[in-house]
Amino acid sequence: MSKDPHEEEYLVNSVIGEGAEFVGEFKFPGLIRIDGKFRGLLETEGKVLIGKSGIVDTDIKARVVVAGGEIRGNIYATERVTLLSSCRLDGDIVTPRLIVEEGVIFHGKCTINPTRH
């Protein structure tokens, strides 16, 4: 049975649940969902999902970032960044595509860069 390549895009490899706290360096393939607190280094060729209750104090390097929580740090995405209406971002963004919902609080600068960094 062959695996659907699009299926991998929705598989969560790691979860930092609500009430959990992680401090350190986290490098991984795939997708991580953060509903708790994260401080340190976060790097993946996959996706980072930050839920409404997620609090992240780090620079994020990923292919795709979808943020609904609070972020203190910069976001470097090679494909796109989506800031949901509940997101509060204090930091800069570098990405080829940016989607911002109404209600986002964003303090920083954004560079739309079509080339990979």
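Keep in mind it's a predicted model, so treat the numbers as computed, not measured.
- With hydrogens and angles disregarded, no donor-acceptor distance shorter than 3.5 Å links the side chain of Thr44 to the backbone of Ala62.
- Within the 4.5 Å cutoff, no side-chain heavy atoms of Asn74 are placed close to those of Val94.
- Scanning for side-chain contact (heavy atoms from CB on, under 4.5 Å) contacts around Ser85 gives Glu101, with sequence neighbours left out.
- Atoms CG and OG, from Leu49 and Ser14 in turn, are 11.5 Å apart once rounded to the nearest 0.5 Å.
- In this view, Arg97 satisfies the side chain to side chain donor-acceptor pair (under 3.5 Å) rule with no residue, not counting sequence neighbours.
- Qualifying salt bridge (Lys or Arg N to Asp or Glu O under 4.0 Å) partners for Asp59, counting only residues two or more places apart in sequence or in other chains: none.
- For the side-chain contact (heavy atoms from CB on, under 4.5 Å) test, residues two or more places apart in sequence or in another chain that qualify with Lys27 are Glu25, Leu41, Glu43.
- Applying the ring-ring contact (aromatic ring centres under 6.0 Å, His included) criterion to Phe106, with sequence neighbours excluded, gives no partner residue.
- Without hydrogens or angle criteria, Asp92 side chain to Lys109 main chain gives a donor-acceptor distance under 3.5 Å.
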Item to complete: Run the numbers on Tyr76 and Thr95 for side-chain contact (heavy atoms from CB on, under 4.5 Å), then give the verdict.
Response: CA-CA 6 Å; Tyr76 304 94; Thr95 185; over 6 Å; no
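- Residues Ile55 and Val104 are members of separate hydrophobic clusters, defined by side-chain heavy-atom contacts under 4.5 angstrom among Ile, Leu, Val, Met, Phe, Trp and Tyr.
- The line from CD1 of Ile71 to CG of Leu83 is 7.0 Å long, rounded to the nearest 0.5 Å.
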Fill in: Full working for side-chain contact (heavy atoms from CB on, under 4.5 Å) between Leu98 and Cys110
CA-CA 9 Å; Leu98 175 65; Cys110 179; 3.5 Å; yes
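- Taking 4.0 Å as the cut-off between side-chain N and carboxylate O, Arg63 and Glu45 do not count as a salt-bridged pair.
- Contacts of Val23 classified as side-chain contact (heavy atoms from CB on, under 4.5 Å), with partners at least two apart in sequence or in another chain: Arg39.
- For the atom pair CD1 (Ile16) and CD1 (Ile34), the distance works out to 4.5 Å, reported to the nearest 0.5 Å.
- Linking ILVMFWY residues whenever their side-chain heavy atoms come closer than 4.5 Å, directly or via other members, places Val65 and Ile112 in the same cluster.
- Interatomic distance, Leu31 CG to Arg33 CZ, rounded to the nearest 0.5 Å: 9.0 Å.
- Atoms CD1 and CD1, from Ile60 and Ile75 in turn, are 5.0 Å apart once rounded to the nearest 0.5 Å.
- In this structure, the side-chain contact (heavy atoms from CB on, under 4.5 Å) partners of Thr82, at least two apart in sequence or on a different chain, are Val66, Arg80, Leu84, Ile99.
- For the pair Ser86 (side chain) and Gly68 (backbone), a donor-acceptor distance under 3.5 Å is present.
- Expressed to the nearest 0.5 Å, how far CD1 of Ile32 lies from CZ of Phe26 amounts to 4.0 Å.
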